[in-house]
Amino acid sequence: MLLRAVQTAAAATATNNGVFKDNTRVVTHPRSIDFFSIRRRNTGFLCNSSSRRVAPVMVVKTDEQPTTVSVGLNEAEEEKSLADKLRMGSLTEDGLSYKERFIIRCYEVGINKTATVETIANLLQEVGGNHAQSVGFSTDGFATTTTMRKLHLIWVTSRMHIEIYRYPAWSDVVEIETWCQSEGRIGTRRDWIIKDHSNGEVIGRATSKWVMMNEDTRRLQKVNDDVRDEYLIFCPKTPRLAFPEENNSSLKKIAKLEDPAEYSTLGLVPRRADLDMNKHVNNVTYIGWVLESIPQEVIDTHELQTITLDYRRECQHDDIVDSLTSSELEGTNGSASSGQHLTQFLHFLRSSGDGLELNRGRTEWRKKPVKR
């Protein structure tokens, strides 16, 4: 008999802070299952027995006889409640960070039979957005505070740094923890720790810097005290860094790649599917464009360990992009893999029409592990 993990009644209700707790019990007979859900990220199906959810009932006293009145459930609250139940994430006990578990799907795996770096970057964005929603920030995808919405302000990425020490495979479960904190007067930062959920091993880390932009003028703007006060209450009281090591590679400046580049892929065109809710090219798309100009012999023999991107200019749907790459000297970095010999590249993304810089980056590659 197959064992099925089902949610208890306690797990189907929200805790005091509005976060769903994932408690389970094991049953050995299918007829004893009243409600169960099988969930993979953002999708799922519900199988119900004869019992169904009904609206709460209220009795109203009148001069004649009690009258039963059905109080309808708000449709948006229903959907939010269902999403919270299917999402395998919650705030930590101190409320200053957020953890969520994800199953790696088959279409998120690449030629190495492991998750691609784009998959990892998308999961980082997903857990960051879910963290913002869990503390009450806007659900429009921008993670904006009340003051920001009044002033038409949004967050945009200025730098992203990702290190992957071991890539998860199809059906592996990863747990990602994220938190945010202030970064000077002009922005904020968000960090992540990626773990193998089966054994707690840290398999990756990431950090990012965000600046504030006026949605109408597209100009950068300083973070004012009202906005800072709104989000600082959800941040660690003392600095907490995913990369606490001195001189770690996340701090390293990226030199501008000079023409002519050793390798290039020209005429990359943004697809409609590459646009995000802010109507510009999604941050993760830049990663794919950078990798397009990596020589094939490197792809065949190495795997990406570190990628750092500096976002310099917005890319619109009608832009045409050139991807340029040149090699750096082999060396060691300040990451957890220090001591390994890495193949390093500089990258430059530019607009084909006017040559304006869109993005500059650095990647570090390690030899693929020997197959057993």
Side-chain angles (χ1 to χ4, degrees), residues 104 106-124 159-174 176 192-207 242-255 257 261-265 284 286-310 323-349 359-372:
I104 302 301
C106 64
Y107 57 79
E108 296 171 321
V109 172
I111 60 175
N112 294 330
K113 299 181 180 180
T114 56
T116 64
V117 66
E118 290 99 327
T119 292
I120 300 299
N122 276 320
L123 293 181
L124 298 181
R159 168 171 275 218
M160 174 67 74
H161 177 87
I162 304 173
E163 295 186 9
I164 305 297
Y165 313 127
R166 179 171 63 81
Y167 283 88
W170 177 21
S171 293
D172 283 353
V173 179
V174 297
I176 304 178
W192 297 265
I193 299 291
I194 309 168
K195 293 183 179 181
D196 182 334
H197 182 61
S198 66
N199 57 20
E201 175 192 0
V202 175
I203 61 174
R205 297 182 291 174
T207 187
F243 298 93
E245 304 91 344
E246 292 185 10
N247 300 320
N248 67 81
S249 59
S250 72
L251 304 174
K252 192 174 180 180
K253 290 185 177 180
I254 302 175
L257 185 152
E262 293 180 60
Y263 313 97
S264 63
T265 300
V284 179
Y286 292 83
I287 296 177
W289 286 342
V290 162
L291 300 183
E292 281 298 308
S293 55
I294 290 288
Q296 187 60 45
E297 57 267 26
V298 174
I299 299 295
D300 293 338
T301 58
H302 291 67
E303 62 181 5
L304 180 66
Q305 174 170 296
T306 303
I307 183 167
T308 310
L309 295 179
D310 283 343
S323 175
L324 310 178
T325 292
S326 290
S327 57
E328 278 192 315
L329 294 176
E330 290 191 4
T332 58
N333 67 1
S335 68
S337 61
S338 184
Q340 285 187 350
H341 288 283
L342 303 173
T343 300
Q344 303 175 353
F345 293 94
L346 288 176
H347 305 278
F348 186 78
L349 297 179
N359 190 290
R360 69 175 65 177
R362 173 187 290 108
T363 57
E364 299 175 339
W365 302 72
R366 58 175 176 257
K367 288 280 189 179
K368 288 183 179 179
V370 178
K371 294 182 179 180
R372 298 180 179 177

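Note that this is a predicted model, so its numbers are computed, not measured.
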In short, S293 meets S323 closest at the heavy-atom pair OG-OG, 2.7 Å
Hey, mind stepping through E245 and R205 against salt bridge (charged side-chain N to carboxylate O under 4.0 Å, His left out) and telling me if it holds? CA-CA 12 Å; E245 304 91 344; R205 297 182 291 174; 3.0 Å; yes
CD1 of I294 to CG of L304: how many Å apart, nearest 0.5 Å? 8.0 Å
Which heavy atom of L257 sits nearest a heavy atom of S326, and at what distance? CD1-N, 3.3 Å
I need the single residue from R362, Q305, Q344, E163 that forms a side chain to side chain donor-acceptor pair (under 3.5 Å) with S249. Which is it? E163
D196 side chain reached by R166 side chain, heavy atoms, under 4.5 Å: yes
Could you grab the distance from atom CD1 of I307 to atom CZ of F345, nearest 0.5 Å is fine? 12.5 Å
Applying salt bridge (charged side-chain N to carboxylate O under 4.0 Å, His left out) between D310 and each of R159, R360, K253, report the one that passes. R159
Main-chain N/O of H161 paired with S250 side-chain donor or acceptor, under 3.5 Å: no
The reported gap from CG in D172 to OH in Y167 (rounded to nearest 0.5 angstrom) is 14.5 Å
Where the side chain of E262 meets the backbone of S327, is there a donor-acceptor pair that is under 3.5 Å apart? yes
Atom CD1 in I162, atom CG in L124: separation rounded to 0.5 Å? 5.0 Å
May I ask you to decide if the ring planes of Y286 and W289 are parallel, tilted or perpendicular, using 30° and 60° as cut-offs? perpendicular
As an exercise, state the distance from CE of M160 to CG of L309, rounded to the nearest 0.5 Å. 8.5 Å
F348 CZ to T325 OG1 distance, which is reported to the nearest 0.5 Å: 11.5 Å
On a heavy-atom basis, which atom in I287 and which in A121 lie closest, and how many Å separate them? CD1-CB, 3.7 Å
Do you know the tightest heavy-atom contact between G361 and I254? O-CG2, 3.7 Å
Give the intermediate values and the outcome of side chain to side chain contact (heavy atoms under 4.5 Å, CB included) for residues I194 and I164. CA-CA 9 Å; I194 309 168; I164 305 297; 4.2 Å; yes
Tell me the closest heavy-atom pair linking A261 and L324, and the distance in Å. CB-CB, 3.7 Å
Between T114 and E303, is the side-chain hydrogen bond (donor to acceptor under 3.5 Å, both in side chains) condition met? List the steps. CA-CA 11 Å; T114 56; E303 62 181 5; 5.3 Å; no
Any side-chain to backbone donor/acceptor pair from K368 onto I299? Under 3.5 Å, distance only. yes
